[in-house]
Amino acid sequence: MPIKIALAGNPNSGKTTMFNHLTGSTQYVGNWPGVTVEKKEGRLKGDKDVIIQDLPGIYSLSPYTLEEVVSRNYLVNEMPDAIINIVDASNIERNLYLTTQLLEIGVPVVIALNMIDVVRKNGDVIDIKKLSEALGCEVVETAAVKGTGSKEVAAKAVVLASKGTKPSPRYKFSDTVEAALTEIENLVDSISNHRSRRFFAVKLFERDEKILEQLKLDENTINRIEEIISKVENELDDDSESIITNERYTCISQVVEKSVHKKNKSRLTTSDKIDLVLTNRWLALPIFAAIMFLVYYISITTVGGWATDWVNDVLFGEIIPPAVEGFLVSVGCADWLISLIVDGIVGGVGAVLGFLPQMIVLFFCLSILEDCGYMARIAFIMDRIFRKFGLSGKSFIPMLVATGCGVPGVMASRTIENESDRRITIMTTTFMPCSAKLPIIALIAGAMFRDSAWVAPSAYFVGIAAIIVSGIILKKFKGFIGDPAPFVMELPKYHLPSPKTVSIHMFDRAKSFVKKAGTVILLACVGVWFLSSFNWTLTMVDAENSILASLGKIIAPIFAPLGWGDWKSAVSTLNGLIAKENVVGTFGVLYGVEEVSENGAEVWAALQASYTQLAAYSFLIFNLLCAPCFAAIGAIRREMGNAKWTLIALGYQTGLAYAVSLIIYQFGMMFTGNFSVIFGTLAIILVAAFVYLLFKPVNKHEGLTRKAMAS
Amino acid sequence: MATFIIGAIVFGILALISINLYKNRKKGTTCGCGCEGCPSANRCK
Amino acid sequence: MRTLRAVNCGETVKVVKLHGEGAVKRRIMDMGITKGTEIYVRKVAPLGDPIEVNVRNYELTIRKDDAQMIEVE
């Protein structure tokens with residue numbers, strides 16, 4: 001039987017770094033609460049018989065957030081052999097709050113007193129011995145970033161696990177509460193002999209509904225417990241949940257007072273000084289805008305852009321395809337195989353891979369922002385704006401992540417406690433142009449608008465506008481009306497981004513991008529090549545007469561009102577469901593077949609021939625807003641938790657994309673004097689509908705909940 | 001002959017990729033987007 | 001009744017009582033704002049909401065609407 005050790009701690013306590021040290025896995029470390037949402041396992045380095053279970057970063061074991069429920073269910077029901085509790089020593093009071101709850105579970109606990117180097121640097125002293133005595137468990141000093149102490153912690157945890165020594169905290173709650181807890185412990189038979197009896201007693205005292213459900217107590221017992229609770233509540237004039245929280249913090253204050261010696265109480269740390277500037281009342285927004293501009297300027301326009309141009313035009317334009325083709329011709333390969341390799345594989349995958357340099361630079365910049373602690377400040381700065389649209393500043397984080405990839409973006413929405421906020425965030429996050437959509441933007445901007453500077457920013461603007469409008473409109477529908485979400489968030493200390501973390505993060509994302517190009521996209525390109533090179537009788541033909549063309553022509557009319565009713569665009573859009581880069585990859589294959597000379601600019605020329613600027617822009621917008629790739633759809637399905645909401649989300653996204661593209665194209669046509677009676681009118685009706693929904697007064701429902709909140 | 005050899009290599013690789021994708025998907029280590037390296041890969045099932 | 005919402009930047013206040021109930025209240029308390037805790041109001045976000053406070057030696061941000069639930073002296 002392997003030994004199971006759980007890793008628990010607050011967000012930003014260095015838990016993920018510790019996990020990486022212990023298991024040697026390369027997991028990404030972020031800086032806002034909730035990066036590691038699901039539990040993650042690994043084997044202890046040097047001892048394969050020990051399994052380390054990473055739990056989500058949590059502040060408490062309350063029943064109110066998913067992460068906390070997941071964690072406590074694991075700890076109580078699956079019974080790990082020991083818990084390593086990571087405590088941020090530089091923020092010890094709040095971190096020990098979770099510790100007091102972990103100690104009650106009755107599983108051996110080792111405390112890793114992390115970031116001890118920061119504490120020492122501040123000149124503070126923590127008396128480990130006294131702390132250990134007061135908490136009744138072992139305490140080890142660690143500095144996870146530097147890698148010191150992790151081994152000792154693991155070794156202690158393994159020893160404790162085999163001994164099974166329960167923690168025995170010295171601190172006590174007030175007599176009234178202790179008496180009540182003991183009474184509950186003895187009253188409920190099913191927990192009297194349970195090793196987590198203290199945990200259950202406290203939860204019953206807190207009237208924790210999830211635990212009440214789990215224990216299935218009879219009515220008589222429930223009434224008895226209720227009597228005990230109300231007696232204490234009356235005596236202390238507070239509700240039972242607050243009583244317990246108060247007791248915990250009171251105990252912690254006493255423990256900390258005895259064992260921690262602060263050198264200087266009110267001193268501005270470097271982090272505070274940085275914060276004075278970055279979240280300054282007047283400077284914060286300009287700085288934020290400047291930082292975001294800089295990130296995109298560096299990654300899209302300059303450094304990343306140059307490299308991408310080179311890869312697209314030189315590497316996959318002048319070097320690789322001619323070389324491969326030359327070789328295949330010289331060995332006497334059949335024409336169809338040359339076509340498959342050069343047009344299908346090299347052309348399609350190359351079109352996608354060309355954007356790798358831009359991605360790498362973008363990921364690099366974003367992971368620096370995440371790692372140094374600025375992301376949480378962004379939520380702080382943006383909250384007011386987002387709340388106007390019925391969302392919270394926290395919604396900004398998923399959206400920012402979604403500029404990298406929609407999948408983690410959708411998943412990052414888990415940190416939003418409020419269900420309706422979370423649903424809206426999930427539905428709207430993928431409106432943000434993700435990295436896979438950048439190639440589409442770059443292609444349209446390059447081919448149709450001569451790299452005009454406004455196209456790419458306008459894509460982001462449309463994405464943000466779609467989110468805002470959706471937020472306002474959706475909040476007016478039943479199912480999205482809920483109580484306003486609490487926005488109580490820690491602002492972690494700034495720290496220098498660690499080169500290791502940033503590079504791991506960047507490398508991971510780049511790797512997944514390449515992997516995707518080498519697997520899913522490669523297969524899709526081969527598939528498209530096949531469908532576009534053969535007809536129904538399986539003889540090789542021009543793309544115009546291929547299977548794909550005949551299929552495309554069936555669905556193409558749907559998109560005619562949007563200005564791009566030709567089959568190639570329709571097929572590309574459908575292929576975008578596999579992965580958005582595929583839109584470009586498909587263009588590469590479809591137009592590459594026609595034009596033998598393999599050069600990015602050739603596709604541009606072909607595109608220019610078959611699109612008007614207006615139609616191209618409408619095509620771009622549709623592809624930005626419509627249902628995301630299958631991977632993101634999967635993420636939406638998981639986060640929504642049921643098929644109905646997933647379908648609503650996808651339907652809404654595609655519907656909105658269609659409506660917006662229609663409006664753009666038809667209005668554009670009107671201004672150039674080509675009014676289409678049916679679709680022009682439809683566009684006008686749609687605009688009117690949007691305006692109506694935007695300014696429609698808020699539903700009665702919300703007014704009621706607001707009132708209920710106020711009273 | 002060259003066609004046969006190169007064709008075999010190409011289709012061999014394609015088959016391998018498909019099988020691997022399918023396997024990973026079954027094991028639940030990837031969401032099918034090929035992103036085992038991504039921070040949320042373990043949630044991609 | 002004076003609440004945290006009305007406290008000016010740069011002031012330090014002491015918590016008297018927490019109003020409200022359920023998840024929001026629990027969350028605020030979990031983060032260390034309990035009876036008797038000292039709160040230093042550090043700043044207001046650029047757009048006037050939320051506020052940043054220092055409690056138990058770390059930085060916390062909280063909306064003014066939620067801050068209204070915290071009675072201070």
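Naming convention: chains lettered A, B, ... in sequence-line order (proteins, then strands); numbering from 1 in each chain.
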**Student:** Report which part of C:E52 has an atom under 4.5 Å of a heavy atom belonging to chain A: side chain, backbone, both, or neither.
**Tutor:** both

**Student:** Could you tell me whether A:R94 and C:D30 have a side-chain N and a carboxylate O separated by less than 4.0 Å?
**Tutor:** no

**Student:** Report the distance from atom CD1 of A:I92 to atom OH of C:Y58, rounding to the nearest 0.5 Å.
**Tutor:** 14.5 Å

**Student:** Thinking salt bridges, do C:E59 and A:K493 make one under a 4.0 Å N-O criterion?
**Tutor:** no

**Student:** Select one option (side chain, backbone, both, neither) describing which atoms of A:Y97 are under 4.5 Å from chain C's heavy atoms.
**Tutor:** side chain

**Student:** What part of A:S271 is in contact with chain C, defined as an atom under 4.5 angstrom from a non-hydrogen atom: side chain, backbone, both or neither?
**Tutor:** neither

**Student:** Between C:K64, C:H19, C:M29, C:Q68, which residue shows the highest count of heavy-atom pairs closer than 4.5 Å to chain A?
**Tutor:** C:M29

**Student:** Give the minimum heavy-atom separation between C:P46 and A:I381, together with the two atoms involved.
**Tutor:** CG-CG2, 4.1 Å

**Student:** Has the side chain of C:K43 got a donor or acceptor atom that lies under 3.5 Å from a matching backbone atom of A:D275?
**Tutor:** yes

**Student:** As an exercise: rank A:D239, A:N91, A:L491 by heavy-atom pairs under 4.5 Å with chain C and give me the winner.
**Tutor:** A:L491

**Student:** Looking at every heavy atom in both C:P50 and A:F380, which two are closest together, and how far apart are they?
**Tutor:** CD-O, 3.4 Å

**Student:** Which heavy atom of C:A45 sits nearest a heavy atom of A:R281, and at what distance?
**Tutor:** O-NE, 3.7 Å

**Student:** Would you find a donor on one side and an acceptor on the other, under 3.5 Å apart, between the side chain of A:R384 and the backbone of C:L47?
**Tutor:** yes

**Student:** At their closest point, which heavy atom of A:D237 faces which heavy atom of C:K17, and how far apart are they?
**Tutor:** O-NZ, 3.9 Å

**Student:** Pick one of side chain, backbone, both or neither for C:I51, based on which atoms fall under 4.5 Å of a heavy atom in chain A.
**Tutor:** backbone

**Student:** Considering only heavy atoms, which portion of A:E247 lies under 4.5 Å from any heavy atom of chain C: side chain, backbone, both, or neither?
**Tutor:** neither

**Student:** Report which part of C:K25 has an atom under 4.5 Å of a heavy atom belonging to chain A: side chain, backbone, both, or neither.
**Tutor:** side chain

**Student:** Where does C:N54 contact chain A at under 4.5 Å (heavy atoms): side chain, backbone, both or neither?
**Tutor:** neither

**Student:** Could you tell me whether the side chain of A:N246 and the main chain of C:K35 form a donor-acceptor pair under 3.5 Å?
**Tutor:** yes

**Student:** Check whether any side-chain heavy atom of A:D272 lies under 4.5 Å from a side-chain heavy atom of C:R42, and answer yes or no.
**Tutor:** yes

**Student:** How close do C:R26 and A:S60 get, counting heavy atoms only, and between which atoms?
**Tutor:** NH2-OG, 3.4 Å

**Student:** Can you confirm whether C:R56 sits close enough to A:Y249 that some side-chain heavy atom of one is under 4.5 Å from a side-chain heavy atom of the other?
**Tutor:** yes

**Student:** To the nearest 0.5 Å, how far apart are CG in C:N57 and CG in A:N122?
**Tutor:** 10.0 Å

